[in-house]
Amino acid sequence: MPVRGSDKRLSETKIRLTVRIKPSVRDRIDRAAKALGMSRSEFMADAALRRAADVLGDRVPIIASPEAYAQFLARLDAPPAPNERLQRTMRTKAPWDVV
């Protein structure tokens, strides 16, 4: 990326992204963008980024040491310790079993 002036900040070059859509879809996007005071490009970029965040948000790798991972697995495999709340839950009938 090129360096801008003496402030050493990096600038990001914009690129064109072409999408083939039906005119009715474009019109709906334009109406929504106008309602938000955005251009079509701003609206589509914002919508695409939000969707990308939704898709990728659950796919963040979690890095743990072998020891921490072993502890994690041990806790998953261990049965829950009995307590009053768990015992009350186990005594309660499921909603579909209540007559």
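All values below were derived from every heavy atom in this structure, side-chain atoms included, with hydrogens, water molecules and symmetry-related copies excluded.
Taking a 6.0 Å sphere around CG of L49, one finds it holds more than 12 heavy atoms contributed by other residues, nucleotides or ligands. Counting heavy-atom neighbours within 6.0 Å of R91 CZ, excluding the residue itself, gives a total above 12.
Side-chain contact between I21 and I29 is present, with at least one heavy-atom pair separated by less than 4.5 Å. Within the 4.5 Å cutoff, the side chain of M90 has no heavy atoms near those of the T92 side chain.
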Note to self: Using side chain to side chain contact (heavy atoms under 4.5 Å, CB included), reason through K34 and L36 one step at a time and then give a plain yes or no.
What the structure shows: CA-CA 5 Å; K34 185 177 181 183; L36 294 176; over 6 Å; no

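Neither V55 nor V19 shares a network with the other; the hydrophobic side chains, linked directly or stepwise wherever heavy atoms of I, L, V, M, F, W or Y lie under 4.5 Å apart, form separate groups for each. Taking hydrophobic clusters as Ile, Leu, Val, Met, Phe, Trp and Tyr residues chained together by side-chain heavy-atom distances below 4.5 Å, V25 shares a cluster with L17.
Taking CD1 of I62 as the reference point, atom OH of Y69 lies at 11.0 Å (rounded to 0.5 Å). Atom CZ of R40 is separated from atom CG of D30 by 4.0 Å, given to the nearest 0.5 angstrom. Distance check: K14 NZ to S41 OG gives 8.5 Å after rounding to the nearest 0.5 Å.
In terms of heavy atoms, A81 sits closest to L86 at O-CD2, 4.0 Å.
For R51, the side chain to side chain donor-acceptor pair (under 3.5 Å) test picks out no residue, with sequence neighbours left out.
Using a 4.0 Å cut-off between charged side-chain N and carboxylate O, R31 and D27 make no salt bridge.
E42 places a side-chain N or O within donor-acceptor distance of the main-chain N or O of S39, the cut-off being under 3.5 Å.
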